[in-house]
Amino acid sequence: MTARPPVPPFTRETAIEKVRQAEDGWNTRDPEKVSLAYTEDSRWRNRAEFVTGRDEIVAFLTRKWTRELDYRLIKELWAFDGSRIAVRFAYESHDDSGNWYRSYGNENWEFDENGLMAVRHACINDLLIKETDRKYHWPLGRRPDDHPGLSDLGL
């Protein structure tokens, strides 16, 4: 197994780095690539859906990004301890009818000794927004380093 640094135990700096890596990965909207950040038997609870293993992660993310179009995500470190990290996040996307949403949530993560995520618990709430209320306008892909984070945007 190849290590995926940073690895636990996390410091504040390495936890922030791990959070940004996760944000960057999800902003690719590439299910196969994203799945490689998780252990082969990773266990997720995402809203009320339970996912186990990389194959199910790929299937889940493929469904997600088929529905959530023009997806853009920002994550922010909330807390960390040892091999665990807690984040808060918000993402914007629209459905195939053009309805825009900002989805807010919290995630609790646990990593193995190689820096792969073994457990992910996510709680998410969706808010219908007007297109004019969007706050994420960078080109699809990685959020630019100079783009404000959640706290800076008042989210």
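Since we're looking at a predicted model, the values are computed, not measured.
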- Query: If we ignore angles and hydrogens, is there a donor and acceptor under 3.5 Å between the side chains of R102 and Y104?
  - Reply: yes

- CG/L61 to CD/E32 distance, rounded to the nearest 0.5 angstrom? 10.0 Å

- Looking only at non-hydrogen atoms, find the nearest pair between V119 and S42 and report the distance. N-OG, 4.2 Å

- Note on the structure: Closest non-hydrogen contact found for Y136 with E92 is N-OE1, 3.1 Å

- Query: When you check the gap from the basic side-chain N to the acidic O, do R63 and E49 get nearer than 4.0 Å?
  - Reply: yes

- Using a distance-only test with no angle check, is there a side-chain donor-acceptor pair under 3.5 angstrom linking N108 and H121? no

- Message: Looking at S97, is its backbone amide N or carbonyl O close enough to the side chain of D95 to form a donor-acceptor pair, meaning the two atoms are under 3.5 Å apart?
- Response: yes

- Salt bridge present between R20 and D145 (N-O < 4.0 angstrom): yes

- Any side-chain donor near an acceptor of the partner, E68 and Y91, under 3.5 Å: yes

- Are F10 and W78 co-members of a hydrophobic cluster defined by side-chain heavy atoms under 4.5 Å apart? no

- Message: Using every non-hydrogen atom in the two residues, find where P31 and T62 come nearest and quote the distance to one decimal.
- Response: CG-OG1, 3.4 Å

- Item | Interatomic distance, I74 atom CD1 to L153 atom CG [nearest 0.5 angstrom] | 5.5 Å

- Would a 4.5 Å heavy-atom cut-off, applied to side chains only, mark T2 and N114 as touching? no

- List the steps, then state whether ring pair (Phe, Tyr, Trp, His ring centres under 6.0 Å) holds for W109 with W44. CA-CA 9 Å; W109 302 339; W44 288 18; over 10 Å; no

- Query: Should V34 and F50 be regarded as members of a common hydrophobic cluster, given that ILVMFWY residues are connected when their side-chain heavy atoms come within less than 4.5 Å of each other, either directly or indirectly?
  - Reply: no

- Message: Between K18 (side chain only) and V7 (backbone N and O only), is there a donor and an acceptor less than 3.5 Å apart?
- Response: no

- Distance in Å, L69 CG paired with D96 CG, rounded so as to fall on 0.5 Å steps: 6.5 Å

- Of all heavy-atom pairs between L155 and R88, which one has the smallest distance, and what is that distance? O-NH1, 2.7 Å

- Near W65 CH2, under 6.0 Å, is it more than 12 heavy atoms from other residues, nucleotides or ligands? yes

- Message: Donor-acceptor check, side chain of E56 to backbone of T52, threshold 3.5 angstrom: yes or no?
- Response: yes

- Taking K75 for the side chain and V87 for the main chain, is one N or O donor matched with an acceptor at less than 3.5 Å? no

- Task: Using the side-chain contact (heavy atoms from CB on, under 4.5 Å) rule, take K64 and R29 through it: C-alpha gap first, then chi angles, then the decisive distance, then the call.
- Result: CA-CA 9 Å; K64 173 182 180 61; R29 298 175 336 276; over 6 Å; no

- Donor-acceptor pair between D126 and S103 side chains, under 3.5 angstrom: yes

- Task: Would you give the length of the straight line joining atom CD of E40 to atom OG of S35, rounded to the nearest 0.5 angstrom?
- Result: 10.0 Å

- Hey, mind stepping through I16 and T11 against side-chain contact (heavy atoms from CB on, under 4.5 Å) and telling me if it holds? CA-CA 8 Å; I16 289 169; T11 64; over 6 Å; no

- Message: Under the criterion salt bridge (Lys or Arg N to Asp or Glu O under 4.0 Å), I'd like the reasoning laid out for E107 against R120: C-alpha separation, chi angles, the key distance, then a yes or no.
- Response: CA-CA 7 Å; E107 294 178 335; R120 176 183 172 267; 2.7 Å; yes

- Item | Steps toward side-chain contact (heavy atoms from CB on, under 4.5 Å) verdict (L140, Y71) | CA-CA 8 Å; L140 288 176; Y71 176 96; over 6 Å; no

- Flag yes if L116 and I85 sit in one hydrophobic cluster, no otherwise; membership is Ile, Leu, Val, Met, Phe, Trp, Tyr, and two members link when side-chain heavy atoms are under 4.5 Å apart. no

- side-chain contact (heavy atoms from CB on, under 4.5 Å) between N99 and Y101, intermediate numbers included: CA-CA 7 Å; N99 298 305; Y101 296 87; 3.8 Å; yes

- Message: Quick one, Q21 and W26 - any side-chain contact, counting heavy atoms below 4.5 Å?
- Response: no

- Query: Roughly how far, to the nearest 0.5 Å, is CD of E17 from CG of L77?
  - Reply: 12.5 Å

- Task: Take atom CG of D55 as the centre, draw a 6.0 Å sphere, and report whether it contains more than 12 heavy atoms from other residues, nucleotides or ligands.
- Result: no

- Query: What closest approach, in Å, do L36 and R4 show between heavy atoms, and which atom pair accounts for it?
  - Reply: O-NH1, 3.5 Å

- Message: Do E76 and V19 have side chains that approach each other closer than 4.5 Å (heavy atoms only, starting at C-beta)?
- Response: no

- Task: Take R84 and E110, measure what salt bridge (Lys or Arg N to Asp or Glu O under 4.0 Å) needs, and give me the verdict at the end.
- Result: CA-CA 5 Å; R84 293 180 172 171; E110 185 169 3; 3.5 Å; yes

- In terms of heavy-atom contacts, does CG of D81 have more than 12 from other residues, nucleotides or ligands at under 6.0 Å? no

- Query: Hey, are R143 and N27 close enough side-chain-wise for a donor-acceptor pair under 3.5 Å?
  - Reply: no

- Message: Quick check against the 3.5 Å criterion: does R47 have a side-chain atom that pairs as donor or acceptor with the backbone of C123?
- Response: no

- Any link between F89 and L127 through a network of hydrophobic side chains (Ile, Leu, Val, Met, Phe, Trp, Tyr) touching at under 4.5 Å? no

- Any chance CZ of R45 has more than 12 other-residue heavy atoms, nucleotides or ligands included, within less than 6.0 Å? yes

- Nearest 0.5 Å please: distance from the NZ atom of K130 over to the CG atom of L128. 10.0 Å

- Task: For the pair H94 and W100, name the ring-plane relationship: parallel under 30°, tilted 30 to 60°, perpendicular over 60°.
- Result: tilted

- Query: Side chains of T39 and D41: do they bring a donor and an acceptor to under 3.5 Å?
  - Reply: yes

- Closest heavy-atom pair, G82 versus P8, reported as atoms and distance to 0.1 Å, is O-CB, 3.7 Å

